[in-house]
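Beneath this line is the structure, given in structure tokens, with notes to follow.
All of these numbers come straight from a predicted model, not from anything done at the bench.
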Amino acid sequence: SNSEHCHSCPLGYFAAKNHCDFPIPYYCSLIACATVLTFLFSVVFWVVDAGIAIKDIRMQDGSVRVVTNGMHMFRSKIRGPAPVILSGSCKFYDGEYCARVICKDELELLDHKGKPFPPSFVMDTSCGYLHHKFPWQLVNSTVVLGLPPWVVMFLGSLMLMLFLAIKTTHLTEDYVGLQPELVIALNILLSIVMAVAIEAWRRSKSRMQRLPPIMLRIAAYQRHLIWKGWRYRASPRGPSRALTAGKVRDMNEYFSEYIGSRTMYYICQNIVEPLTRERQISYSELVGPSQVQWFISHFWGSPFQEFVNAIVRHAQGISLEWKDVAYWVCTFANNQWQVREELGGGDWQQSSFFMALQSPGCKGTIMVMDPLAKPLTRSWCLFELLQTFLRQARGDDFSFLIGTANGVLNQKGFTDIQLTVRIGEAIANLDVQDASASDLADKKMIDALVNNLPGGFGRINSFIRTSVLDVLQDVRGNVLQGLTRLEQMLVDSSTLSEDASSRKTSGAGQRHVVAL
């Protein structure tokens with residue numbers, strides 16, 4: 001057209017032959033590009049942050065089974081096990097592994113070479129996250145319609161190239177009023193912002209699935225402690241960090257869904273440490289410590305439920321206010337973030353164990369025993385037994401009790417003769433010199449202490465066997481008393497039955513005479 005009749009088109013329009021036109025195909029392609037870019041960036045964010053919250057890891061049929069909190073999004077049809085990284089559980093378990101799909105929310109964990117673990121291997125936790133090892137998440141996970149991320153990203157890139165290749169008529173600053181580079185940059189920026197917003201929305205909606213369920217339970221327990229009035233109180237190491245029986249049982253009941261038949265190792269790593277991580281304190285300080293009344297010696301590998309039952313039964317047997325009876329338990333009394341300091345830093349006389357055992361307020365040691373006498377196979381239990389023996393040798397009024405899930409063996413009224421015999425048989429064939437420790441230096445130190453005692457290990461073996469013999473005699477006496485009482489009850493019941501029968505016969509005869 002003639003220049004004197006030309007005029008500039010509004011921004012975003014382009015000049016046609018005789019008029020300004022709105023480029024619908026151009027803007028549709030821009031929207032399509034932005035949508036595809038947003039989807040691609042969202043996939044990238046998902047791949048980068050593809051941590052899978054763990055609900056449970058435990059041994060099952062000789063293999064390590066992982067139950068995830070929701071669908072794990074692993075491809076079921078992959079060649080061989082998928083390389084993964086476990087994090088956030090504990091220092092013993094975190095590391096590189098391989099995983100094989102069992103079902104939509106369950107995996108089998110294998111070693112880093114993709115082979116099953118040996119029979120002696122044990123993994124037991126409810127904390128942590130499972131991540132695909134980069135770049136394997138591009139191949140072994142799924143995003144949309146069961147497709148792996150690399151396929152989705154490849155198809156998205158093809159679509160993006162297709163949209164960019166569409167002839168967006170007059171895509172020049174002369175027609176649209178914007179430079180092509182600026183349009184593309186704005187498109188990418190807008191897509192990133194939208195992808196971030198979508199990811200934030202997805203995280204807010206899936207918060208419950210993004211955390212291991214036990215962590216939500218732990219947060220709820222912290223509120224439960226406030227409601228109970230059990231508040232944090234700092235306390236020096238040693239005898240002032242005991243825990244009452246009521247607080248021990250409360251924790252067991254609150255986390256019973258997770259504890260089941262699990263051991264103190266699980267309790268420490270999955271409950272005690274997460275609860276105390278923020279303040280780096282002991283569990284006793286977190287819930288309010290008490291002064292020691294009884295020292296607990298125990299094996300961490302025994303079921304925690306049996307441990308709690310032993311404490312509760314002892315407390316109920318000695319006091320009507322049993323919930324307030326205080327027990328010194330290393331897992332709860334020691335600061336698990338400063339274990340070396342709790343052990344005395346190499347000086348056993350400065351250890352929290354020794355200070356609690358030597359406390360004037362400590363009435364005795366309760367060794368929580370299982371039928372295999374496992375506590376006597378651990379060096380620190382041997383140390384506790386040694387200190388108990390030395391206190392008794394000094395003439396202190398200091399008890400040595402053997403606790404079980406069914407009650408205290410040398411407590412009045414205990415009658416489980418079978419359990420007592422099983423423990424006695426285990427101790428008769430056991431030598432405390434064979435006790436072991438996680439740290440070889442601890443074992444050497446404790447062995448040296450026992451050897452310095454006149455009679456050494458032989459004297460300690462004799463002490464524990466004599467104690468069990470005394471228990472056996474007490475239980476036998478309780479059983480005999482119970483049998484004697486039962487016999488008398490049966491005799492009295494039989495006599496009463498005969499008298500009642502005689503009275504009925506006599507009454508019937510009298511009625512017959514009257515009738516005649």
Side-chain angles (χ1 to χ4, degrees), residues 58-59 92 119-124 248 252 259-269 272 294-314 327-334 343 353 357 364-389 400-411 414 416-440 442-443 446-447 449-450 457 460-472 475:
R58 67 171 71 205
M59 306 305 296
F92 303 108
S120 59
F121 183 82
V122 176
M123 183 178 285
D124 192 14
V248 173
N252 180 60
I259 294 174
S261 60
R262 285 166 150 160
T263 68
M264 189 67 84
Y265 290 106
Y266 177 89
I267 300 300
C268 184
Q269 296 163 6
V272 172
W294 295 90
F295 186 95
I296 298 295
S297 180
H298 64 109
F299 171 54
W300 276 40
S302 299
F304 183 70
Q305 182 64 62
E306 295 181 4
F307 172 85
V308 174
N309 289 345
I311 287 180
V312 171
R313 287 183 180 274
H314 173 261
Y327 299 86
W328 197 95
V329 181
C330 61
T331 315
F332 305 135
N334 288 340
L343 297 179
F353 298 83
L357 278 163
T365 297
I366 302 173
M367 180 167 281
V368 179
M369 197 77 75
D370 65 333
L372 298 178
K374 283 292 187 180
L376 297 175
T377 66
R378 304 302 298 170
S379 291
W380 276 103
C381 289
L382 174 59
F383 174 83
E384 294 154 3
L385 186 64
L386 172 63
Q387 299 308 318
T388 300
F389 171 79
F400 175 67
L401 304 178
I402 299 177
T404 71
N406 296 337
V408 178
L409 264 60
N410 34 358
Q411 196 173 58
F414 187 84
D416 193 337
I417 190 70
Q418 289 185 344
L419 178 60
T420 307
V421 169
R422 289 179 66 188
I423 292 175
E425 288 175 345
I427 291 176
N429 297 310
L430 185 143
D431 187 346
V432 293
Q433 190 167 2
D434 298 329
S436 60
S438 302
D439 189 337
L440 184 59
D442 290 341
K443 175 175 171 55
I446 294 168
D447 285 357
L449 289 175
V450 176
F457 282 99
I460 295 298
N461 279 324
S462 176
F463 169 68
I464 184 64
R465 285 168 184 156
T466 302
S467 298
V468 172
L469 181 61
D470 292 341
V471 167
L472 192 60
V475 173

Just jot down the salt bridge (Lys or Arg N to Asp or Glu O under 4.0 Å) partners of [X], sequence neighbours excluded, or say none.
| X | answer |
| --- | --- |
| Asp447 | Lys443 |
| Arg58 | Asp56 |
| Asp370 | none |

Got a sec, which residues hit side chain to side chain contact (heavy atoms under 4.5 Å, CB included) with [X], two or more places apart in sequence or on another chain?
| X | answer |
| --- | --- |
| Ala405 | Glu306, Asn309 |
| Ser261 | none |
| Val421 | Ile417, Glu425, Leu472 |

By ring pair (Phe, Tyr, Trp, His ring centres under 6.0 Å) - contacts of [X] (at least two apart):
| X | result |
| --- | --- |
| Phe463 | Phe389, Phe400 |
| Phe92 | none |
| Phe307 | His298, Phe304 |

Shortest non-hydrogen contact from [X] to [Y]?
| X | Y | value |
| --- | --- | --- |
| Ile446 | Ser379 | CD1-O, 3.3 Å |
| Ala310 | Val368 | CB-CG1, 4.0 Å |
| Val122 | Met59 | CA-SD, 3.9 Å |
| Ile296 | Tyr327 | CD1-CD2, 3.6 Å |
| Gly301 | Tyr265 | N-CE1, 3.6 Å |
| Arg313 | Asn406 | CD-C, 3.3 Å |

Taking atom [atom1] of [X] and atom [atom2] of [Y], what is their separation to the nearest 0.5 Å?
| X | Y | atom1 | atom2 | value |
| --- | --- | --- | --- | --- |
| Asn252 | Ile311 | CG | CD1 | 10.0 Å |
| Met369 | Leu409 | CE | CG | 8.5 Å |
| Leu357 | Phe295 | CG | CZ | 4.0 Å |
| Ile366 | Trp328 | CD1 | CH2 | 14.0 Å |
| Leu385 | Leu376 | CG | CG | 6.5 Å |
| Gln305 | Ile267 | CD | CD1 | 9.5 Å |

task = Check each of Cys381, Ser438, Cys268 against Trp300 using the side chain to side chain contact (heavy atoms under 4.5 Å, CB included) test, and report the only one that passes.
result =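 Option passing the side chain to side chain contact (heavy atoms under 4.5 Å, CB included) with Trp300: Cys268.
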
If the condition is side chain to side chain donor-acceptor pair (under 3.5 Å), which residues does [X] pass it with, not counting sequence neighbours?
| X | result |
| --- | --- |
| Ser436 | Arg378 |
| Trp380 | Asp442 |
| Asp431 | Asn461 |

task = Starting from the C-alpha separation in whole Å, work towards a yes-or-no answer on side-chain contact (heavy atoms from CB on, under 4.5 Å) for Val450 and Phe383.
result = CA-CA 8 Å; Val450 176; Phe383 174 83; over 6 Å; no

ask   = Just wondering, are more than 12 heavy atoms of other shown residues or ligands nearer than 6.0 Å to CZ in Arg262?
value =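 Counting neighbours around CZ of Arg262, more than 12 heavy atoms of other residues, nucleotides or ligands fall under 6.0 Å, so yes.
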
key: From CA spacing to verdict: side-chain contact (heavy atoms from CB on, under 4.5 Å), Leu382, Leu386   = CA-CA 6 Å; Leu382 174 59; Leu386 172 63; 5.6 Å; no

request  = Apply side-chain contact (heavy atoms from CB on, under 4.5 Å) to the pair Ile423 and Thr404, showing each step before the final yes or no.
outcome  = CA-CA 10 Å; Ile423 292 175; Thr404 71; 3.9 Å; yes

